[in-house]
Amino acid sequence: MATNITFTMIKPDAVEANNIGPILAKINEGGFRIVAMKYLRLTKEQAGEFYAVHSARPFYGELVEYMSSGPIVAAVLSKDNAVNDYRTLIGATDPAKAEKGTIRNLFAKSIAANAVHGSDSDENAAIEADFFFSKLERF
Ligand code: IDP
Ligand code: MG
């Protein structure tokens, strides 16, 4: 499979718990290359736009509040089969269901504060990477 990209965020709970380093180590150990990276705090408006696809879900308000509650690390990662392999590395949305050793199993606090984001398709990976990074910010 051709090398492709996925998009991730280290969410406010994992930043607050000082887990940026351990999560980046898992990403490196998983064979991903860092194409782009930044440390920033989303406004409520920006978080709402990023998660607009979930605007009809009952947890949307909570999700937007949460994702704008503190700084995050946003990054573009590359690897063969990046989207699926990264979903495997992070584990299920609900950390109680995430397989042992996955990033969410190790670092997530709850289904909302679940440590990391990972794109769910190549199409969304491109849209999400474009939301945060210009061409000049990718290497
Ligand atoms: P994913 O992050 O595993 O792709 P999605 O279903 O796309 O999961 O949901 C996006 C994010 O919304 C989740 O990562 C989590 O932070 C939050 N979320 C999902 N389901 C719930 C829920 O039932 N309650 C509260 N927050 C949720
Ligand atoms: Mg998702």
Side-chain angles (χ1 to χ4, degrees):
M1 190 153 316
T3 297
N4 52 18
I5 63 150
T6 191
F7 171 78
T8 189
M9 293 183 283
I10 301 176
K11 296 186 179 184
D13 60 290
V15 171
E16 173 71 23
N18 242 345
N19 283 327
I20 295 174
I23 290 171
L24 291 179
K26 295 290 286 182
I27 288 170
N28 282 153
E29 287 159 17
F32 294 85
R33 194 176 70 77
I34 294 168
V35 172
M37 177 169 282
K38 58 177 74 164
Y39 189 36
L40 76 156
R41 182 171 177 171
L42 291 167
T43 64
K44 257 191 231 181
E45 290 69 29
Q46 289 165 338
E49 190 185 341
F50 183 86
Y51 281 111
V53 60
H54 294 308
S55 59
R57 311 266 291 266
F59 57 81
Y60 177 68
E62 179 194 346
L63 178 60
V64 168
E65 281 292 330
Y66 169 63
M67 287 303 296
S68 56
S69 69
I72 61 159
V73 175
V76 179
L77 309 175
S78 79
K79 184 186 183 296
D80 291 352
N81 202 27
V83 166
N84 288 330
D85 284 3
Y86 194 62
R87 297 289 306 197
T88 301
L89 182 67
I90 69 178
T93 307
D94 180 354
K97 295 178 184 152
E99 231 174 281
K100 204 159 183 281
T102 59
I103 291 175
R104 283 168 167 168
N105 165 255
L106 291 168
F107 303 112
K109 294 193 157 45
S110 67
I111 192 167
N114 60 359
V116 285
H117 170 84
S119 304
D120 63 8
S121 65
D122 289 343
E123 188 192 1
N124 284 334
I127 292 168
E128 292 169 359
D130 289 349
F131 186 90
F132 283 89
F133 298 100
S134 76
K135 281 182 191 160
L136 290 171
E137 297 172 308
R138 302 181 196 203
F139 303 96

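Keep in mind that what you see is a predicted model, and the values were worked out from it rather than measured. All ligand and atom numbering here is 1-based and tracks the order in the structure.
- Within the 4.5 Å cutoff, the side chain of Y86 has no heavy atoms near those of the S119 side chain.
- In summary, the atoms of ligand 1 found under 4.0 Å from a heavy atom of A112, numbered by their order in the structure, are 15 (C), 16 (O), 25 (C), 26 (N).
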R57 vs Y51, test: side-chain contact (heavy atoms from CB on, under 4.5 Å). Steps then yes/no. CA-CA 10 Å; R57 311 266 291 266; Y51 281 111; over 6 Å; no

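- Under a 3.5 Å cut-off, the side chain of R41 and the backbone N or O of S68 do form a donor-acceptor pair.
- A donor-acceptor contact shorter than 3.5 Å links the side chain of Y66 to the backbone of D13.
- Numbered from 1 in the order shown, with element, the atoms of ligand 1 that lie under 4.0 Å from a heavy atom of K11 read 13 (C), 14 (O), 15 (C), 16 (O).
- Counting only heavy atoms of the protein, atom 2 (O) of ligand 1 lies nearest to R104 NH2, 3.0 Å.
- For ligand 1, the atoms sitting less than 4.0 Å from at least one non-hydrogen atom of N114 are 13 (C), 14 (O), 15 (C), 16 (O), numbered in the order shown with element in parentheses.
- Screening F132, F50, F131 for a ring-ring contact (aromatic ring centres under 6.0 Å, His included) with H117, the sole residue that qualifies is F50.
- Closest heavy-atom approach to atom 1 (P) of ligand 1 among the candidates T93, V53, V64: T93.
- A heavy-atom separation below 4.0 Å is found between R57 and ligand 1.
- Side-chain contact check for V15 versus Y39: some heavy-atom pair is nearer than 4.5 Å.
- Residue, atom and distance of the protein heavy atom nearest to atom 19 (C) of ligand 1 are F59 CZ, 3.4 Å.
- Distances between N or O atoms of G118 and those of ligand 1 include no value under 3.5 Å.
- In terms of polar-atom proximity, defined here as any N/O pair under 3.5 Å, R87 does make such a contact with ligand 1.
- A heavy-atom distance below 4.5 Å is not found between the side chains of I111 and R104.
- The proximity of L63 to ligand 1, defined as any non-hydrogen pair under 4.0 Å, is limited to the side chain.
- Using modelled atom types, one side-chain atom of K26 and one backbone atom of G101 make a donor-acceptor pair closer than 3.5 Å.
- Of the protein's heavy atoms, I111 O, 3.2 Å lies nearest to atom 15 (C) of ligand 1.
- In terms of protein heavy-atom proximity, atom 7 (O) of ligand 1 is closest to H54 NE2, 3.1 Å.
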Exercise. Test I72 against L40 for side-chain contact (heavy atoms from CB on, under 4.5 Å), laying out the working first.
Key: CA-CA 6 Å; I72 61 159; L40 76 156; 4.0 Å; yes

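- For ligand 1, none of its N or O atoms has an N or O atom of E62 under 3.5 Å away.
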